[in-house]
Amino acid sequence: MSTNEISTPSNFIKKIIDEDIAKSTFGGRVHTRFPPEPNGYLHIGHAKSICLNFGLAQGYGGLCNLRFDDTNPTTEEAEYVKAMKEDIRWLGFDWQDREFYTSDYFDQLYEFAMQLIKEGKAYVDSLSPEEIKEHRGPWNEPGKGSPYRNRSVEENLQLFERMRAGEFKDGTQTLRAKIDMTSSNMNLRDPILYRIIHAKHYRTGNRWCIYPTYDFAHGQSDSIEGITHSICTLEFEDHRPLYDWFLDALKIHHSKQIEFARFNLNYTVMSKRKLIELVEGGHVSGWNDPRMPTLTGMRRRGYTPEAIRNLCEKTGVSKVNSVIDAAMLEDCVREDLNKRAPRVLAVLNPLRVVIENYPESEVEYIDAINNPEDPSAGTRKVPFSRVLYIERDDFMEDPPPKFYRLAPGREVRLRYAYFIKCVGVTKDKKTGEIVELRCTYDPETRGGQAPDGRKVNATIHWVSADHAVEAEVRLYDRLFLKEDPTDVPEGVDWKANINPNSLVTLNSCQVEPSLAGAEPGSRYQFERLGYFCVDSVDSSPGKLVFNRTVSLRDQWAKVLKAEKWRTA
RNA sequence: UGGGGUGUGGUGCAAUGGUAGCACACCGGCCUUUGGAGCCGAGAAUGGAGGUUCGAAUCCUCCCGCCCCAGCCA
């Protein structure tokens with residue numbers, strides 16, 4: 001698999017692995033793991049870790065385990081396990097039969113704890129949480145040892161057994177490692193190994209009332225599974241000495257912890273607390289709202305796993321805190337969809353057009369290319385008739401110089417069909433709103449070419465009024481107006497940065513008839529507009545609902561924006 | 001304040017003593033039956049100050065900035 005390796009960019013983790021392979025540190029093995037805590041939904045930040053861990057294993061011909069790190073019964077649920085598995089599979093990764101749970105190791109971890117007690121390396125502390133905090137001290141002063149620090153092995157064994165038996169209340173006793181209360185690394189000031197939590201665990205039920213902490217569980221779980229490279233995020237850097245301490249003290253397989261920088265994206269939030277706030281505050285429709293950075297939301301939005309994987313690959317791996325530009329994500333999505341999304345004609349804001357010189361009852365079927373990037377996608381027939389809909393934005397009564405679409409007296413091409421010329425504008429007498437355009441077509445231009453060689457400046461999309469299918473279209477945009485949504489003045493809620501136009505729903509869009517039976521989740525390019533997918537929740541054969549995944553790049557929008565600046 | 005980590009164009013990542021490169025973004029042009037796609041081009045960076053060296057993003061010294069750690073969360 002090292003051929004795969006050469007094609008993808010190098011990074012510091014690969015260098016470490018290369019060295020380990022060269023020195024045969026782990027017998028040349030590469031075995032990673034993705035260890036989520038099942039207490040929420042996976043988001044794009046997790047995707048980075050998933051791609052890294054599974055990708056590394058793939059690239060080196062190794063293995064990657066899926067391990068649910070479920071040591072805290074108060075926050076974890078089976079529902080999350082299910083959702084996470086679905087998301088990881090959707091992303092394109094397979095853990096085969098290697099689906100593990102830290103809770104499966106509770107017995108073994110308990111044995112490890114006993115071993116440490118017997119060796120005088122752990123003790124039961126009867127200090128209260130407040131007292132423990134106080135003894136630990138601030139980071140510029142050494143901490144003080146607990147008065148219970150030197151209990152005998154016998155007493156500790158007995159107490160620990162009583163902890164497990166449920167004889168104590170939550171928070172009254174802990175098992176701590178005896179390391180160094182004066183360490184400048186707070187993690188080594190006698191870290192807690194076990195705490196008492198009388199709560200039902202979603203997998204082990206009421207079998208346990210003491211639960212290992214992350215520090216005591218993670219490294220040992222890696223060890224049990226024979227993990228070679230345990231990749232985690234930067235904030236665990238200070239925990240590495242502890243990670244190493246446990247494995248050394250227990251004299252068991254020692255995997256290597258490597259830390260990398262978390263993946264951050266601008267114009268969104270990633271912290272669980274904030275995501276919950278968005279959901280519970282009704283600012284989005286749920287965890288799978290297409291504007292959410294969750295994998296379930298992105299899937300519903302129409303993003304492809306390939307695009308997300310490509311983004312993770314392209315953004316590299318380092319130890320510097322960084323923020324990826326949402327434009328990068330959008331570029332990856334467009335790059336992928338451009339190659340594979342079939343093109344269709346859809347009118348979002350319909351403006352009725354009557355072709356005055358086109359026969360009343362005639363219908364012809366015009367060939368349209370399904371995907372110019374992929375000739376094998378073939379062609380389809382699109383009905384054309386006397387009354388059409390075009391995009392309201394494609395007509396201006398009094399166009400500025402750089403607008404080269406339809407205007408009174410002007411000729412444009414209807415995609416794949418004819419040249420039409422605007423010969424009249426019908427307005428609502430009261431409101432003055434344009435309700436209809438009167439046009440003529442040139443029969444000689446069928447297919448879009450004029451025999452006399454005359455050119456038009458624009459090609460616009462259209463649908464036949466009688467044949468079009470009505471649809472709802474949800475135009476999604478970035479959820480926040482600011483790159484950093486949490487950047488608010490003192491006292492202002494970060495949610496004030498929510499983009500009020502992040503969702504615009506259009507109800508009477510007209511799409512070409514071939515879309516009538518479109519499958520939920522299927523993706524299309526609406527020509528000249530963007531990429532859209534059939535909503536997997538609300539769309540039905542009787543009522544099509546499309547989500548805008550991402551718009552097409554839009555030069556005209558840039559011109560408008562530039563004009564706005566100039567006139568502002 | 002103690003400890004750990006980290007600084008390369010606007011953003012993200014390369015370059016481990018030898019011409020600072022790639023992608024995204026931005027700007028200009030070409031092409032175009034999608035103002036899409038594609039193609040071409042421009043601008044733009046080594047946190048700072050010293051030092052070692054023929055030569056420093058890279059090695060040394062000092063300084064500065066940013067991030068993480070005082071949960072019985074992970």
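Chain identifiers are assigned alphabetically (A, B, ...) following the order of the sequence lines, protein sequences preceding nucleic acid strands; residue numbering begins at 1 within each chain. If you're wondering where the values come from, they're calculated on a predicted model, not measured in any experiment.
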K.L.:
Mind calculating the distance between CZ (A/R240) and P (B/G5) to the nearest angstrom?
P.N.:
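A/R240 atom CZ is separated from B/G5 atom P by 7 Å.
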K.L.:
Expressed in angstrom and rounded to an integer, what is the separation of A/N338 atom CG from B/G36 atom P?
P.N.:
12 Å
K.L.:
Would you kindly say whether A/N185 and A/S183 are connected by a side-chain donor-acceptor distance under 3.5 Å?
P.N.:
no
K.L.:
Mind checking what makes salt bridge (charged side-chain N to carboxylate O under 4.0 Å, His left out) contact with A/E364, not counting sequence neighbours?
P.N.:
A/R446
K.L.:
Quick one: label A/R189 by what it contacts on the DNA or RNA (base, sugar-phosphate, nothing), any heavy atom closer than 4.0 Å.
P.N.:
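The residue A/R189 makes no contact with any strand.
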K.L.:
Are more than 12 heavy atoms from other residues, nucleotides or ligands located less than 6.0 Å from atom NZ of A/K121?
P.N.:
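Yes - once you tally the heavy atoms of other residues, nucleotides and ligands closer than 6.0 Å, there are more than 12.
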K.L.:
Under 4.0 Å between any heavy atoms, over every strand shown, what does A/V456 touch: base, sugar-phosphate, or nothing? Just pick one.
P.N.:
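Nothing, no heavy atom under 4.0 Å.
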K.L.:
My understanding is that only residues two or more places apart in sequence, or in another chain, count here; which of them pass side chain to side chain contact (heavy atoms under 4.5 Å, CB included) with A/K482?
P.N.:
A/D487, A/N497
K.L.:
If we take the C1' atom in both B/A45 and B/A15, what is their distance in whole Å?
P.N.:
13 Å
K.L.:
Within the structure shown, what part of the strands sits under 4.0 Å from A/E330 by heavy-atom distance: base, sugar-phosphate, or nothing?
P.N.:
nothing
K.L.:
Taking salt bridge (charged side-chain N to carboxylate O under 4.0 Å, His left out) as the definition, give me every residue that meets it alongside A/E235, ordered by chain and number, with sequence neighbours left out.
P.N.:
A/R262
K.L.:
Write down the distance between CD (A/Q555) and C1' (B/C31), rounded to a whole number of angstrom.
P.N.:
13 Å
K.L.:
Do A/R478 and A/Y267 form a cation-pi contact, if we require the NZ or CZ to be under 6.0 Å from the six-membered ring centre and within 45 degrees of the ring's axis?
P.N.:
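Checked: cation-pi criterion met.
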K.L.:
Base, sugar-phosphate, or nothing for A/P142, non-hydrogen atoms under 4.0 angstrom?
P.N.:
nothing
K.L.:
What string of B, S and - do you get for nucleotides 15-29 of chain B, 5' to 3', if B is base contact, S is sugar-phosphate-only contact and - is no contact with any protein heavy atom under 4.0 Å?
P.N.:
S--------SSSS--
K.L.:
Which part of the nucleic acid, if any, lies within reach of A/E373 when heavy atoms closer than 4.0 Å are counted: base, sugar-phosphate only, or nothing?
P.N.:
base
K.L.:
I need the CG-P distance between A/D484 and B/U11, as an integer number of Å.
P.N.:
14 Å
K.L.:
Using a 4.0 Å cut-off on protein heavy atoms (strictly under), produce a 5'-to-3' string for nucleotides 63-74 of chain B with B for base contact, S for backbone-only sugar-phosphate contact, and - for none.
P.N.:
----SBBBSBSB
K.L.:
Listed by chain and number, what are the side chain to side chain contact (heavy atoms under 4.5 Å, CB included) partners of A/D331, not counting sequence neighbours?
P.N.:
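Applying side chain to side chain contact (heavy atoms under 4.5 Å, CB included) to A/D331 gives A/K314, A/E335, A/R553.
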K.L.:
Find the distance A/W245:CH2 to B/G4:P and express it as a whole number of Å.
P.N.:
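Interatomic distance, CH2 of A/W245 to P of B/G4: 21 Å.
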K.L.:
Report the residue (A/L414 or A/N11) whose heavy-atom-nearest nucleotide on RNA chain B is the more 5′ of the two.
P.N.:
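The residue closer to the strand's 5' end, by nearest nucleotide, is A/N11.
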K.L.:
Find out whether A/Y418 and A/F384 are in side-chain contact, i.e. whether some heavy atom of one side chain is under 4.5 Å from a heavy atom of the other.
P.N.:
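Yes, close enough: below the 4.5 Å cut-off.
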K.L.:
Confirm from the modelled atom types if A/R405 and B/G35 form a donor-acceptor pair under 3.5 Å, side chain to base only.
P.N.:
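Side chain to base: pair found, below 3.5 Å.
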K.L.:
Taking syn as any angle within 90 degrees of 0 and anti as the rest, which one fits B/G71?
P.N.:
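The base of B/G71 is oriented syn (glycosidic angle within 90° of 0).
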K.L.:
Once you round it to whole Å, what is the distance between P of B/G12 and CZ of A/R262?
P.N.:
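One finds 17 Å between P of B/G12 and CZ of A/R262, rounded.
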K.L.:
Do A/E512 and A/R380 have side chains that get closer than 4.5 Å, going by heavy atoms?
P.N.:
yes
K.L.:
Given the P atoms of B/G43 and B/G21, what is the spacing between them in whole Å?
P.N.:
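B/G43 and B/G21 have their P atoms separated by 12 Å.
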K.L.:
What integer number of Å spans the P atoms of B/C40 and B/C31?
P.N.:
15 Å
K.L.:
According to side chain to side chain contact (heavy atoms under 4.5 Å, CB included), who are the partners of A/Y416, at least two apart in sequence or on a separate chain?
P.N.:
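For A/Y416, the residues satisfying side chain to side chain contact (heavy atoms under 4.5 Å, CB included) (neighbours in sequence not counted) are A/I366, A/A368, A/I369, A/E527.
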K.L.:
Once you round it to whole Å, what is the distance between C1' of B/G7 and NZ of A/K319?
P.N.:
14 Å
K.L.:
Between protein and nucleic acid, restricted to nucleotides 41-47 of chain B and to nitrogen or oxygen atoms under 3.5 Å apart, what atom pairs and distances do you find?
P.N.:
none

K.L.:
Measure distances between side-chain N and O atoms of A/Q525 and base N and O atoms of B/U34, and say whether any donor-acceptor pair falls under 3.5 Å.
P.N.:
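Answer yes: a donor N or O sits under 3.5 Å from an acceptor.
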K.L.:
Where each pair must be Watson-Crick or G-U wobble with both distances under 3.5 Å, what dot-bracket representation of RNA chain B is obtained, with crossing pairs in [ ] and other-strand partners as |?
P.N.:
.((((((..((((....[..))))..((((.......)))).....(((((..]....))))))))))).....
K.L.:
P atom, B/U8 versus B/G48: distance in rounded Å?
P.N.:
10 Å
K.L.:
Between A/R415 and A/I324, which is nearer to the 5' end of RNA chain B once each is assigned its nearest nucleotide?
P.N.:
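It is A/I324 whose nearest nucleotide is closer to the 5' end.
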K.L.:
Does any part of the side chain of A/Y531, heavy atoms only, come nearer than 4.5 Å to the side chain of A/R523, both counted from C-beta?
P.N.:
no
K.L.:
Does A/F403 reach a base, just sugar-phosphate, or nothing at all? Heavy atoms under 4.0 Å.
P.N.:
base
K.L.:
Return the value, rounded to whole Å, for the distance between atom CD of A/E391 and atom P of B/G36.
P.N.:
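Those two atoms, CD and P, are 16 Å apart.
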K.L.:
With sequence neighbours excluded, tell me which residues meet ring pair (Phe, Tyr, Trp, His ring centres under 6.0 Å) with A/F100.
P.N.:
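Applying ring pair (Phe, Tyr, Trp, His ring centres under 6.0 Å) to A/F100 gives none.
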K.L.:
Would a 4.5 Å heavy-atom cut-off, applied to side chains only, mark A/Y202 and A/P73 as touching?
P.N.:
no
K.L.:
For the C1' atoms, the ones on B/G29 and on B/C64, what distance do you get once it is rounded to whole angstrom?
P.N.:
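About 43 Å, rounded to a whole number of Å.
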K.L.:
Distance between the C1' atoms of B/U58 and B/U6, in whole angstroms?
P.N.:
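To the nearest whole Å, 16 Å.
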K.L.:
Taking the ring centre of each residue, are A/H201 and A/F106 less than 6.0 Å apart?
P.N.:
yes
K.L.:
I'd like to check the side chain to side chain contact (heavy atoms under 4.5 Å, CB included) partners of A/P293; sequence neighbours left out, ordered by chain and number.
P.N.:
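For A/P293 the side chain to side chain contact (heavy atoms under 4.5 Å, CB included) partners, ignoring immediate neighbours, are A/I44, A/T268, A/M270, A/L275.
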K.L.:
Taking atom C1' in both B/A44 and B/C27, compute the distance separating them and give it to the nearest angstrom.
P.N.:
11 Å
K.L.:
Using the salt bridge (Lys or Arg N to Asp or Glu O under 4.0 Å) rule, collect all pairs that involve residues 337-349 of chain A, keeping only residues at least two apart or in two chains.
P.N.:
A/E306-A/R340, A/D336-A/R340
K.L.:
When rounded to the nearest Å, what value does the distance between C1' atoms of B/G9 and B/C22 take?
P.N.:
12 Å
